[in-house]
2 protein chains.
Amino acid sequence: MEYTIGEIAKKFNLTISQIRFYDKEGLLPEIKRVNGIRKFTDSDIETIFLIECLKKADLQLKDIKQFIEWTKEGDSSIEKRLNFFLMQREKTKAKIAAMKKALCMVEYKCWYYETAQKLGSVKALEAKKEKLTPKKIKSLLKKAHKK
Amino acid sequence: MEYTIGEIAKKFNLTISQIRFYDKEGLLPEIKRVNGIRKFTDSDIETIFLIECLKKADLQLKDIKQFIEWTKEGDSSIEKRLNFFLMQREKTKAKIAAMKKALCMVEYKCWYYETAQKLGSVKALEAKKEKLTPKKIKSLLKKAHKK
DNA sequence: TATTGACCTAAAGTTAAGTTTAGGTTATAT
DNA sequence: ATATAACCTAAACTTAACTTTAGGTCAATA
């Protein structure tokens, strides 16, 4: 099957100009053209799916582009591609871990303002904070402070 | 205790201009000045710690600023602040979940190129892919495809 | 036949989160 | 007394990832 840029945009919930931008940047190297109009194949769809996935894994477009260029080089770049993803795996894991830690602070703030609301003021909460703070929240805070 | 901007930068592993930038943007509203020179107190340090935490939780500076402004308004903004963090908690959780799913794709790619390397070529891998792909990886891929 | 809708390009503009530059003050060490 | 280090501002520049604008082609529909 072949698809137009508008169909692809809908499928992936991207804007048309985003897809043109990826194309211009060299992330979609193999797109067919008929009378100048882009025709996307299933293999292009796979590429776009991968791009969206890697973006969510916190990769930059220039790095995704690098990978795509290595792919075009064939088997000689297998090791580069492997190392690329091994490194990226650690980066993404680290980022997730950091976000989880930061989430603790957000959860603490939820507790903080829920309690302040119940007590009627921040001052009232601050006065009783030591006693009121649940152990769970205290350990969350410790987590957020840890490097 | 009071600290200079240089000391704070080291403490938080930020650049001096980053801290000046936060100040300029209104994220550090209460900094003392002596002869024009910023003097940071423990309460400023708490604010910076919070900013860094919220940044890691994927908040934008303008949202952090909004929160800081609400803080200055006093108890009348408790509900706004609570709703702010309740919403943010969901956003951050969603982001973590999306990253975890995207990580599956990165892990698949690690497996893919490890195996291609062992077999000597991508072609050899593609030929045997169906048989070789471990169940674990297959379910990872499913995860990555799922919305 | 004319106009509407989907496509195209190139180039300029936008936003976030800084960095860099250029020029200036102040405190301390030699 | 001078030079160095640490601070200051304002304004211009940077980068990533787009979006917007302006102008143009082409096919189908009223």
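Lettering of chains follows the sequences in order, A, B, ..., and the numbering in each one begins at 1.
Ranking C:dT19, D:dA27, D:dA17 by closeness to the A:N35 side chain, first place goes to D:dA27. Listed nucleotides: D:dA27, D:dT9, C:dT19. Nearest to the side chain of B:R33: D:dT9. Closest to the A:L61 side chain, of the nucleotides D:dA17, C:dC8, D:dC8, is D:dA17.
The CD atom of B:E52 sits 12 Å away from the P atom of C:dA17 (whole-angstrom rounding). To the nearest angstrom, C1' of D:dA11 lies 14 Å from CZ of B:F21. Taking atom CG of residue A:D23 and atom C1' of nucleotide C:dC7, one finds them 13 Å apart after rounding to whole Å. Per the geometry, CG belonging to A:D63 stands 13 Å off C1' belonging to D:dT15, to the nearest Å. Atoms CD1 (B:I37) and P (D:dA5) sit 17 Å apart, rounded to a whole Å. What separates NZ of B:K10 from C1' of D:dC7 is a distance of 15 Å, to the nearest Å. Look at CD on B:E25: it is 9 Å from P on C:dA17, rounded to the nearest Å. Protein atom CZ of B:R20 is 13 Å distant from nucleotide atom C1' of C:dT21, rounded to whole Å.
In the hydrophobic clustering of this structure, B:I37 does not group with B:I16; members are Ile, Leu, Val, Met, Phe, Trp, Tyr whose side-chain heavy atoms approach within less than 4.5 Å, directly or through other members.
Nucleic acid contact for A:K39: none, since no nucleic acid atom lies under 4.0 Å from a heavy atom of the residue. Among the heavy atoms of the strands lying under 4.0 Å from B:R38 are primed sugar atoms or P, OP1, OP2 only; no base atom is included. Across all strands shown, B:Q60 has heavy atoms under 4.0 Å from sugar-phosphate atoms exclusively, and none from any base. Within 4.0 Å of A:K62, counting heavy atoms only, lie sugar-phosphate atoms of the nucleic acid but no base atom.
The cationic group of B:K109 lies under 6.0 Å from the six-membered ring centre of B:Y112 and within 45° of the ring axis, placing it in a cation-pi geometry. Taking the ring centre of B:Y3 as origin, the terminal cationic atom of B:K11 falls inside the region bounded by 6.0 Å and 45° from the ring axis.
The shortest distance between the side-chain N/O atoms of A:Y22 and the OP1/OP2 oxygens of D:dA17 is not below 4.0 Å. Look at A:K65 and you won't find any side-chain N or O under 4.0 angstrom from OP1 or OP2 of D:dA16. Proximity of B:S17 to the phosphate of C:dT19: a side-chain N or O atom is located under 4.0 Å from OP1 or OP2.
Using a 3.5 Å distance cut-off with no hydrogens or angles, the side chains of A:T47 and A:D44 do not pair a donor with an acceptor.
Annotation for B:K55: atom NZ counts as buried by contact number, over 12 foreign heavy atoms lying within 6.0 Å.
When each of B:T4 and B:K24 is assigned the nucleotide of DNA chain D bearing its nearest heavy atom, the one mapping closer to the 5' terminus is B:T4.
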